[in-house]
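Below is a structure I'd like to ask you about.
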Amino acid sequence: MIVQVVVDAPLPAALEYAVPAGADGAGLIGRCCVVPLGRRRVSGLIVGTAAQGSVNAARLRGVERVVDEMAPLGAHWLQLTRFAAEYYQHAWGEVAVPALPPALRAPPGPRFGAVLQRMRAATLTQGVAPLPAPVLNDEQQAAVAAIDAAEGFVPHLLHGVTGSGKTEVYLEAAARRLARDARAQVLLLVPEINLTPQLESRLRARFPQLPVAVLHSGLAAGERSAQWLAAHEGRARLVLGTRLAVFASLPHLALVVVDEEHDASFKASDGPRCSARDLAVKRAQLAGVPVVLGSATPAIETWAHAQRGKYRLLTLGHRAGGGRAADVQVRMVDTRSDKPEQGLTASVRSALVNTLAAGGQSLVFINRRGYAPVLACESCGWLSQCSRCSTYAAFHKGDGSLRCHHCGWQVRVPSACPTCGNVDLRAVGQGTQRIEETLGTLLPGARIARLDRDSTRRKDAARDALEAMHAGAVDVLVGTQMIAKGHDFQRVSLVVVLNADAQLVAADFRAPERLFATLLQVAGRAGRAGHASRVLVQTRYPAHPLLQALARADYAGFAHQQLAERQAARLPPFVHQALLTAEARAMAPALALLSAAQEAGAAGRGVRLYDAVPMPLERLAGLYRAQLLVEAPRRADLQAFLSDWLPAVAMLARARRPQVRWQIEVDPQQI
Ligand code: ADP
Ligand code: ZN
Ligand code: ZN
């Protein structure tokens, strides 16, 4: 008998290996194994068996070891990974094997049984002080009832502003599913765990008796394997995780929840570019269970599904714990008449001063870290260009460095202009550090904190800053997007948005969607405990429809307008896209590969191939990058085209000198 084995390599089909005669074929499928591959030994997964191989039996190699100390992966899990591989145009093993925990990705040795025992002994943390659930309001109850009543696969979109009580709905819906069946498991996906410690503790406090497994890339290998095993063996009843957790093995899955479903971090940025959000829906379909996607600002694609009735729309229209949305007043500050000085307009300055005087907290949002985005010489025009990217290196004053935020390149700040020797270099524009400095001068005595990727390098730094904010030990918090995510600040009565304009005019058709989501989320930080509060947005375009929709907190209006624009321009979700990218040491070979690929695909049915062009950031970390967009009105046409075309692209790439690396991304999020 032979087994079909998938391994983590870009192979067109499963590999065949011999197994000892008399092995139980049915019991082998889904088992991890160790197989020889060339001169290496690698981890593999048995996905099929057959009486006879397709190659000469004499040339067949044997499976080295079948991991039978652990239950096999289930049929749904195999279907899910296979679907993901086909959809995102990779080999099955390239999805399935990396989805296994670290302990199984490296070939398990002879002592694996003992390793498993140790992993099983690792206790899953459980809640201590139980927290009673609040009495749900009518909208929450209706949402829970709908999810609870769902039989089999039913996708839901839970749309509700920040603070409307979506999390309470997830928890109650989970509680009901878990109560029905003593083995039932619930999967809860979140964009980032480090920034949502409150959710984890709420979960544990709400289900003190239930073992919770947590899965994210920040865990040490042993810990992650132990958590994975607890889910696989059904000991964990709740699994909370980031995008990688969509591939957790959950034999008794009863409900899937995706919080902040619009968040870009659900899409993988390398390897098979899977969308954990989309796969969560597929997974629920395969398992025949309900799925809940929750957001204050759903992805436009998700909203379109809900509008067409493909997803059931559940709405929470009001804030749950006091503090109604109506208490928040959003106002545009026109920077054409109220000119910013050091990044802050007079209106913003006086609002900050008044808020401090009244004992309130302020949030200042600026989506740029560092001191200034660029350093310039005014005498010769030199700019602090990254030496490896087609972009500028930002000035970081604290440690006197120039740093590229794209590739990590870093040098000491020159004491004089490298071109003309002028010692008077000027920081151009604003970053979080500079705003922090300006606020220090404007508000002497105020307690000012900063939250961005630089301030949170130290482990727990983000948590500490947020706790200080909660405890009222901070008057003004300056930060990037990080200040927007999932925090429930009780005393914030002023939110300031500094440089939204760059994204208002960006070329990417998804930029408005991302900007609207961020701004609504930032604005949602104000007035949570019922204080009257204000949001001030500095902009040159106060009449822009996006900002007007923001001022009305009108997601539906915004989404309607976006969908109309996309329909007129034939953009997703009205067409389906894939992006072929190429990178090389020079631009010409990258473009040449894509042009050859375009020619090879010219005969495509119902599929349109655009011309190869340099990517918006055309040089990154020393490599030149180009892209080719593929588009089709029907998804099936796109899928069929890609699976025929990509092997040809691979052949073209192999034949090329100098070397060009290529990648395919289905449903690209950034173009
Ligand atoms: P979301 O997930 O939509 O941001 P949460 O579920 O976190 O909203 O709820 C926001 C706040 O309101 C939390 O502090 C929560 O405990 C509280 N809350 C939610 N539902 C209710 C309710 N029905 N009654 C009282 N407080 C509630
Ligand atoms: Zn100069
Ligand atoms: Zn760079």
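Atoms within a ligand are numbered from 1 in the order they appear, just like the ligands themselves.
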Exercise. Can you list the atoms of ligand 1 that are under 4.0 Å from a heavy atom of V161?
Worked result: 3 (O)

Got a list of side-chain donor-acceptor pairs under 3.5 Å for residues 363-373, not counting sequence neighbours?
{"residue": "N367", "atom": "ND2", "partner": "Q481", "partner atom": "OE1", "Å": "2.9"}
{"residue": "R369", "atom": "NH1", "partner": "D454", "partner atom": "OD1", "Å": "2.9"}
{"residue": "R369", "atom": "NH1", "partner": "D454", "partner atom": "OD2", "Å": "3.3"}
{"residue": "Y371", "atom": "OH", "partner": "E437", "partner atom": "OE2", "Å": "2.8"}

Exercise. Counting only heavy atoms, which portion of V135 has something under 4.0 Å from ligand 1: side chain, backbone, both, or neither?
Worked result: backbone

For this session: Could you see which bit of L316 sits under 4.0 Å from ligand 1, with heavy atoms only: side chain, backbone, both or neither?
Result: neither

For this session: Kindly compute the distance separating CG (L494) from CG (D475), expressed to the nearest 0.5 Å.
Result: 12.5 Å

Exercise. Quick one: which ligand 1 atoms are inside 4.0 Å of a heavy atom on S164?
Worked result: 3 (O), 8 (O)

For this session: Working to the nearest 0.5 Å, report the span between CG of L515 and CZ of F558.
Result: 8.0 Å

Exercise. Under 3.5 Å, side chain of Q385 to main-chain N/O of T391, donor-acceptor pair present?
Worked result: yes

Seminar exercise, completed: Restricting to heavy atoms, the pick from T167, L158, L199, N137 nearest atom 2 (O) of ligand 1 would be T167

Exercise. So is K166 polar-close to ligand 1, meaning N/O to N/O under 3.5 Å?
Worked result: yes

Problem set entry | Nearest heavy atoms of S455 and R450, plus distance in Å | OG-O, 3.0 Å

For this session: With 2.8 Å as the limit, jot down which protein N, O or S atoms are around the Zn ion (ligand 2).
Result: C377 SG, C380 SG, C417 SG, C420 SG

Exercise. Where's the contact between Q140 and ligand 1, heavy-atom distance under 4.0 Å: side chain, backbone, both or neither?
Worked result: side chain

Problem set entry | Between R273 and Q663, a side-chain donor and acceptor under 3.5 Å | yes

For this session: Decide whether an N or O pair under 3.5 Å exists between G163 and ligand 1.
Result: yes

Exercise. Taking non-hydrogen atoms only, is E260 closer than 4.0 angstrom to ligand 1 via side chain, backbone, both or neither?
Worked result: neither

Exercise. By residue and atom, what protein N/O/S atoms are less than 2.8 Å from the Zn ion (ligand 3)?
Worked result: C386 SG, C389 SG, C404 SG, C407 SG

Can I get a per-line list of side-chain donor-acceptor pairs under 3.5 Å for residues 416-430, giving both atom names and the distance, sequence neighbours left out?
{"residue": "N422", "atom": "OD1", "partner": "D424", "partner atom": "N", "Å": "2.8"}
{"residue": "R426", "atom": "NE", "partner": "E378", "partner atom": "OE2", "Å": "2.4"}
{"residue": "R426", "atom": "NH2", "partner": "E378", "partner atom": "OE2", "Å": "3.1"}

